*Asks:* 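Pasting in a structure now, in structure tokens, and then I'll have a few things to ask.
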Number of protein chains: 2
Amino acid sequence: MIYLDNAATTFYKPQEVKNAVADALTFYSANPGRSGHDLSVKTAEKIFEARERINDFFNGYGSEYVSFTLNCTQALNTAIKGILKKGDHVVISTFEHNSVLRPLYKLKQKGLVDYSVFQVFEDEEKTLNSFKNAFRNNTKLCVVTSVSNVFGNILPIRKLSQIAHNYGALFFVDGAQGAGVISIDMKMQGIDCLCIPGHKGLYGPVGTGAIIHKGLSFETLVEGGTGTESLMLKQPESYPERLESGTLNVAGIMGMHAGVEWVKSYGLKKILNAETLLTKEIFYGLKSIKNIKLYSEVFNEEKRAPLISFNVEGLHSEQTTMLLNEGGIAVRGGFHCAPLAHSFMGTKQTGTVRISPSIHNTKKDINILLNLIEKIAF
Amino acid sequence: MIYLDNAATTFYKPQEVKNAVADALTFYSANPGRSGHDLSVKTAEKIFEARERINDFFNGYGSEYVSFTLNCTQALNTAIKGILKKGDHVVISTFEHNSVLRPLYKLKQKGLVDYSVFQVFEDEEKTLNSFKNAFRNNTKLCVVTSVSNVFGNILPIRKLSQIAHNYGALFFVDGAQGAGVISIDMKMQGIDCLCIPGHKGLYGPVGTGAIIHKGLSFETLVEGGTGTESLMLKQPESYPERLESGTLNVAGIMGMHAGVEWVKSYGLKKILNAETLLTKEIFYGLKSIKNIKLYSEVFNEEKRAPLISFNVEGLHSEQTTMLLNEGGIAVRGGFHCAPLAHSFMGTKQTGTVRISPSIHNTKKDINILLNLIEKIAF
């Protein structure tokens, strides 16, 4: 099988990640931060180390502001619901995922908050204008994805955050597709809160994630045992525990940390360059095939992460995906949990076929892919 | 090190569990329920299998009503907050953990719900009376732990659930300490919703858990991508997806499933008998040592799970724990995230030292433990 569905999760996972997970289960399998014995302390130290390194990787505001979650979705729910109060307004991009849309839609249905959507154009000025026009007097928060999970657009995070801050709003980033793929620097880019998965660009195990913030006051979504201030009925105020109730996924966190180290030692830039080369080849390969619909004119590598959506004329994306799967190629069809993106691009009927290479893919993979698509589209 | 902190998490994990986790990372590392390709489908099948077997293990109401969570705490928050509406009243036991207390306390502080606490006595009739007296006209829900995580009391689940149902209330069980340790049968015991961790009595990896229910209508705590009905802004109604937003912890779930199979093949009864024998030996051993405070007169194995709390007169539980740790024995001191239990037992100043053996412990471990405690207490 040629795996080109790395935007869903990267496959395969580096040996270092597998080793870290195996180590966790064998040598660090106590409950961190609960008991005071050596094994528990040793385990807590491993978690602390992961927090430190992940904070460094994104140039965050201190390891205490890194809280581990089940996944990026849980991190986003924690961030969004934890900061909004009744009457607040939110600005989001048209490329937001259901992990942002569904929580906001629910809050809106309950009459608690409202939100506006700005469009993302190829022309950055138009994007920034659309963004500015979305603000209201009561805009408390902007939530913006770093990369569209459907069309690969890289959003101009720094410019957007400057505008948001000028309007007095907080700026949160959904790092689902960007973390480990493009450079994310919280301080430099003005990110007040970053939500990430561990299993995509960071090459860790699935079912891992984190919320990384600059020391904000979040109301909690989940309360419970934190191993601290046990006699207090109120959830502790101190981070990271405030956002980490119950026993953490130690193996997942150690795997995620190993993934981060792996990306660092390989070099994020080097990975991105290699993936971008392959993606460009896919893009111009597809462009030369008849009956293929692409969703941008050129492949501008400054503005595109290494993922592409396309369709074969006359076929639903799921049909194309199925045919590719029969030919031994794994990609994803459908809507990718991002309904507004499809409204914007006019792909609400068919969805799109998404191709997302990783560092493990080769030119040969791409040739096989393009040959098969050519046959399907013929 | 002699590990006697299995109520925090079981150590060591069976080889079968480690193998399942390693397999997950190597062979099933796609995103289940997202893409339609073979690897994703194979992964989804593994998750489905885990759901089926875990549902069977607890005699639940169908695998669609098993949703995987980060841990038992998240499962309890999902269950409690998902079912309660403004004006509801809840009945809980004095042995509830902060994972039940803190969410309820928060809801109470917000003026949304109220709760009452019933006491658990050695005399079951007194317990049932205390339970009955806690009900009000607006009691919607009872949340009761299967086993006290501090004192080991096994609660009379079946009798309590009958009373709750007679009063028209739902009956939820916190299976944190009971799952995999004592027999839990949802249908037979009248449990409407069971929350479990995967890493204690079920011997799976830490950071795993599930909410298992009888097809109740839960409001959601977290919304996001479910891989289903992607174009819909509303969280889907169908289970298990409704309670499973974002990418699941596949390795953890496969490990948890392997843990369940391991417990089944070893035999839950056989494990319990062996652990109970050891615990009885600890109990009567401690009883014969001077300056030891125990919290029940006898060890009634029908009513006690294999865990014991004690104190050395004149020492804080954390001091005793530290001395035991220096002697190479891992137990847990402090409050174990269960404040009401300590108010009830009068241990709010010192906390308790908790000893919790597993199937991996031996008589020799217990002898070393008792000898060391004797020296500390002398």
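Keep in mind that this is a model prediction, so the values were computed, not measured. Labels below follow one simple rule: chain letters A, B, ... track the order of the sequence lines, proteins then strands, and each chain is numbered from 1. Quick note: numbers below take in every heavy atom, side chains included, and nothing from hydrogens, waters or symmetry partners.
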*Asks:* Who wins among Leu233(A), Asn71(A), Leu70(A) for the most heavy-atom pairs under 4.5 Å with chain B?
*Replies:* Leu233(A)
*Asks:* Could you tell me which portion of Leu221(B) (side chain, backbone, both or neither) has an atom closer than 4.5 angstrom to a non-hydrogen atom of chain A?
*Replies:* both
*Asks:* With a 4.5 angstrom heavy-atom cut-off, which part of Thr208(A) approaches chain B: side chain, backbone, both or neither?
*Replies:* neither
*Asks:* Side chain from CB out, backbone as N, CA, C, O: work out which of these in Asn31(A) comes under 4.5 Å of a heavy atom of chain B, or both, or neither.
*Replies:* both
*Asks:* Identify which of Gly252(A), Ala8(A), Ala176(A) forms the greatest number of heavy-atom pairs closer than 4.5 Å to chain B.
*Replies:* Ala8(A)
*Asks:* Just do the side chain to side chain contact (heavy atoms under 4.5 Å, CB included) check on Val206(A) and Leu248(B) with the steps written out, would you?
*Replies:* CA-CA 6 Å; Val206(A) 293; Leu248(B) 289 172; over 6 Å; no
*Asks:* For chain A, find its close neighbours in residues 329-340 of chain B: heavy-atom separation under 4.5 Å, sorted by number, or none.
*Replies:* Ala330(B), Val331(B), Arg332(B), Phe335(B), His336(B), Cys337(B), Pro339(B)
*Asks:* May I ask you to check whether Asn325(A) and Asp38(B) show a side-chain donor-acceptor distance below 3.5 Å?
*Replies:* yes
*Asks:* Taking atom CG of Leu25(A) and atom NZ of Lys18(B), what is their separation to the nearest 0.5 Å?
*Replies:* 7.0 Å
*Asks:* Heavy atoms only, distances under 4.5 angstrom: which of Val21(A), Leu101(A), Leu39(A), Thr321(A) has the most pairs with chain B? Name it, please.
*Replies:* Leu39(A)
*Asks:* In terms of heavy-atom pairs under 4.5 Å, which option from Glu318(B), Glu326(B), Lys81(B), His97(B) contacts chain A the most?
*Replies:* Lys81(B)
*Asks:* Heavy-atom pairs under 4.5 Å with chain B are the metric here; pick the option from Leu76(A), Leu324(A), Thr226(A) that has the most.
*Replies:* Thr226(A)
*Asks:* Could you give the distance from OH (Tyr28(B)) to CZ (Phe11(A)), rounded to the nearest 0.5 Å?
*Replies:* 11.0 Å
*Asks:* Of the listed residues (Lys13(B), Gln235(B), Gln74(B), His199(B)), which shares the most heavy-atom pairs with chain A below a 4.5 Å separation?
*Replies:* Gln74(B)
*Asks:* If you count heavy-atom pairs within less than 4.5 Å of chain B, which of Ala24(A), Ser99(A), Gly209(A) leads?
*Replies:* Ser99(A)
*Asks:* Are Glu223(A) and Asn77(B) close enough that some pair of their side-chain heavy atoms sits under 4.5 Å apart?
*Replies:* yes
*Asks:* Would you mind telling me which of Ser40(B), Ser230(B), Gly246(B) has the largest number of heavy-atom pairs within less than 4.5 Å of chain A?
*Replies:* Ser230(B)
*Asks:* With sequence neighbours excluded, tell me which residues meet side-chain hydrogen bond (donor to acceptor under 3.5 Å, both in side chains) with Lys42(B).
*Replies:* none
*Asks:* Can you check whether Val222(A) reaches Thr73(B) side chain to side chain, under 4.5 Å on heavy atoms?
*Replies:* yes
*Asks:* Do other residues, nucleotides or ligands put more than 12 heavy atoms under 6.0 Å from Tyr12(A) OH?
*Replies:* no
*Asks:* Does some side-chain heavy atom of His37(A) sit less than 4.5 Å from a side-chain heavy atom of Asp5(B)?
*Replies:* yes
*Asks:* Nearest 0.5 Å please: distance from the OH atom of Tyr3(B) over to the OG atom of Ser29(A).
*Replies:* 7.5 Å
*Asks:* Name the region of Lys106(A), side chain, backbone, both or neither, that has any atom closer than 4.5 Å to a heavy atom of chain B.
*Replies:* side chain
*Asks:* Taking only Lys NZ, Arg NE, NH1 and NH2, and the carboxylate oxygens of Asp or Glu, determine whether Lys110(A) and Glu219(B) approach each other closer than 4.0 Å.
*Replies:* no
*Asks:* Flag the pair Arg102(B) and Glu229(A) as a salt bridge only when some basic side-chain nitrogen lies within less than 4.0 angstrom of an acidic carboxylate oxygen.
*Replies:* no
*Asks:* Checking heavy atoms, do the side chain of Ser343(B), its backbone, both or neither come under 4.5 Å from chain A?
*Replies:* neither
*Asks:* Out of Lys348(A), Gln109(A), Met322(A), Lys234(A), return the one with the most heavy atom pairs under 4.5 angstrom to chain B.
*Replies:* Lys234(A)
*Asks:* Is Thr228(A) close to chain B through its backbone or its side chain, or both, or neither, when contacts mean heavy atoms under 4.5 Å?
*Replies:* backbone
